[in-house]
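Note: hydrogens, waters and symmetry copies are ignored here, and every other heavy atom, side chains too, is used. Note on naming: letters A, B, ... go to the chains in the order of the sequence lines (proteins, then strands), and numbering restarts at 1 for each one.
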Amino acid sequence: MHQQDPDEIPLSELLGNSGESVPRVVSVARQGGFGAPSIQVAKKSSSAALSEDELPLALLIGTERKKECSRRKGKVEPCRKAPKRKCERMKAEKHRKAKKLQATSTKHRAEDESIKWCSLEHNGVLFPPEYEPHGRPLLYDGCEIALPPEAEEVATFYASKLGTVYLEKETFRKNFFDDFRKTLPVDLRKRIVKLEHCDFSRIREYLDELKERKQSMPPSKRKELREAEAQRVAHYTVAIVDGRKEKVANYRVEPPGLFLGRGDHPLMGRVKRRIFPEDVTLNLGRDAPIPPCPFKGHDWGSIVHNQRVTWLACWRDPISDEYKYVWLSASSHFKAMSDQEKFEKAQQLSKHITKIRNEYTKGLESADRHTQQRSVALYLIDKLALRVGNEKGEDEADTVGCCSLRVEHITLQEPNIVQLDFLGKDSMRYFNRVRVEALVFHRLREFLKGKRVSDNVFDELKVEELNDYLKSLMPGLSAKVFRTYNASYTLDKLLHSVKTPGPDIHSRLLFYNEANKDVAVLCNHQRSLPKTHSLMLERLRDKLEESRAYLEALKMARGKAQASPDSRAQVTRWRRPVVEIPEDCSLAERKRIREEAEKRPKEKQVVNMGLASITRGIAQTQEKIRRLEADLKTRDSLATVSLSTSKINYLDPRITVAWCKRHEVPIERIFPRALQEKFMWSMGVSEDFRFPISNVVSNDPSGAST
DNA sequence: ATCGAGACTTGGAAAAATATTC
DNA sequence: GAATATTTTTCCAAGTCTCGAT
């Protein structure tokens, strides 16, 4: 749809808000059909008409499988081995069934695709509430203009972005304004022709009022509302998969709004229209009841019974035309299994890594340009943890990974320094200067020779070829596994580099975070500086200074007190004056008063203290200073590094669990609740777990089968 | 061989929840 | 006990990678 000339799109479809706007049924959208033939599209109206050939294999064998599943259900599965066996059994059985089926079927099906579930029940998805017009006008050339609800909604999206950096971007404003005008009735469209003449402040005021009202709500009321909301959505938060009750991750359908891409996205500011039931495909067990469609006069786009996938629902994103899926939560069986498989694969790589490194080092010497490029690319992926860098479309931000690096991204410096400077995933800048092996440097120089800055460095290499090659070295290996492997390997190495990581929990956590940070830096996991970062640092330094001065004063007082033990010594302390805030003033006012007070000079405070309390004070202040110093250091060094991404995606949780066990650190100090649930499968690991598995005896039988 | 659909993981920012501080 | 700081969760964009059609 985004290919269409935007002016041709009917208003109602663009906004997707009016009653008669009934988007196309998913199953007939694009490319003449939804999905490949192996995915069974049972368009509801015609599902009964599907012949046996068109039914998913799994459905035909559904009854038998169901029995087997329920038998297994009660069995407690030991951490890792059982799921794997189960998976293999399933595959084997599927294979047999597939052969049987093939004999009677004219349609050929893939035989190695595994069945993910036998029964699946859920309540569909939760749609955002209908738009409620507020009636605040747009000002055009200073004149009030009452907008029809569709236009008002889009104007309100924009108003909510006032004051953000998006509005500074030409592309954003243009895309928005083009789409906004399409929502206007003809007469208004003729009149409203320039964004600069539009004033959204009245709408913004309304949004601010809403916010203020919400903020000033008493906590009790807030809690009440929260609980009511939880009850309203409860129905959608769980699914039943093979008899297991599982949490659904994103049961909410994405609401309409302005598309906010990352970096210089050509589509930023476009209106992302509302999603309707007609857009949505539900994936359900054949026996599961079809959830009633929540909107009168509407119906689900289609219902499928696809046992080869784990999604519960999907629709196409109106902006990118990509699929959006509703998944189970990270703690679900599906996700836990694939997580385990991921780390298992990374561990496998450790057994092949020496061979692979020899292989690509040898490849550098090859006379064949293709082999050279493949080897250099793999070298960079392995050493620098780069992403592979698939091709990107024109309607996306210009970002690159290894294979899509262009000449402009690389600077070579004799004798062997390579400087990489490019925008990677999410338009995050990757900047690194590294020493590389002489031959790598040499090859890179050759690859750059005679090319324009916009040419690809690896012009003879395709991502698929690289991955095919990796598969020839180790089954199932692909480029991303190197990131997982190197991240986990590094953490394990660092955590084992020191016997005792600190005398107390605080210092041990500091040590862990340092290791975590090294991994995050390796993976280039950055975050933007929090807005109040420098302020926060300033406050910390301030506190530190204050504590140091106080310590000096205490020490001086101690001298005096020791001279005449019975008297009390005077201790001087400089502190910020206490702020007095009048009761009845607005939030903004209070904030202003506080900020004002920050600027006032410190006040002198003199107290009389006895020797005992002075001594106590010294010890306490020294401890406080130590803590502040450590805090200041870590906070500064972690300011632009995001630890969570690697923790969630790259670090084998067993490394962390084992470390916590060895050093008596409670796991919740490192994994917050959601991560503990996600990594439940790893909690039983032995404290001598190593990544990769070395010859240390592990309690993990499947992993130890080296 | 190539291409694009499709499904799944990974990513930072923003919002919400919770802890800390005065 | 309210305001603020920090942590955790949510959101949804943006990657990777496989597979089947051509």
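Using a 4.0 Å heavy-atom cutoff across all strands shown, A:Leu260 reaches sugar-phosphate atoms only and no base atom. Backbone-only engagement by A:Lys480 is indicated by non-hydrogen atom pairs under 4.0 Å involving sugar-phosphate atoms exclusively.
No hydrogens or angles considered: nothing links the side chains of A:Thr621 and A:Ser547 as a donor-acceptor pair under 3.5 Å.
Distances were taken from every side-chain heavy atom of A:Lys471 (C-beta onward) to each of B:dG11, B:dG12, C:dT18; the shortest belongs to C:dT18. Closest to the side chain of A:Lys425, from the set B:dG12, B:dC8, B:dT10, is B:dT10.
The structure places CD1 of A:Ile667 at 3.5 Å from SG of A:Cys660, a figure rounded to the nearest 0.5 Å.
A:Asn649 places a side-chain N or O within 3.5 Å of a backbone atom of A:Thr645 that can act as its donor or acceptor partner.
Taking a 4.0 Å limit (strictly below) on heavy-atom distances, residues 247-255 of chain A reaches DNA chain C at A:Arg252, A:Glu254, A:Pro255.
Checking the phosphate oxygens (OP1, OP2) of B:dT10, no side-chain nitrogen or oxygen of A:His525 falls inside 4.0 Å. The side chain of A:Lys335 contributes an N or O atom lying less than 4.0 Å from OP1 or OP2 of B:dT9.
Here A:Lys324 pairs with A:Glu254 in a salt bridge; the nearest charged N to carboxylate O distance falls below 4.0 Å.
Between A:Asp339 and A:Arg527, the residue whose closest nucleotide on DNA chain B is further toward the 5' end is A:Asp339. Position along DNA chain B of the nearest nucleotide to A:Ser644 versus A:Lys214 favours A:Ser644 as the more 5'-ward residue.
Counting heavy atoms from C-beta on, the side chains of A:Phe482 and A:Leu477 come closer than 4.5 Å.
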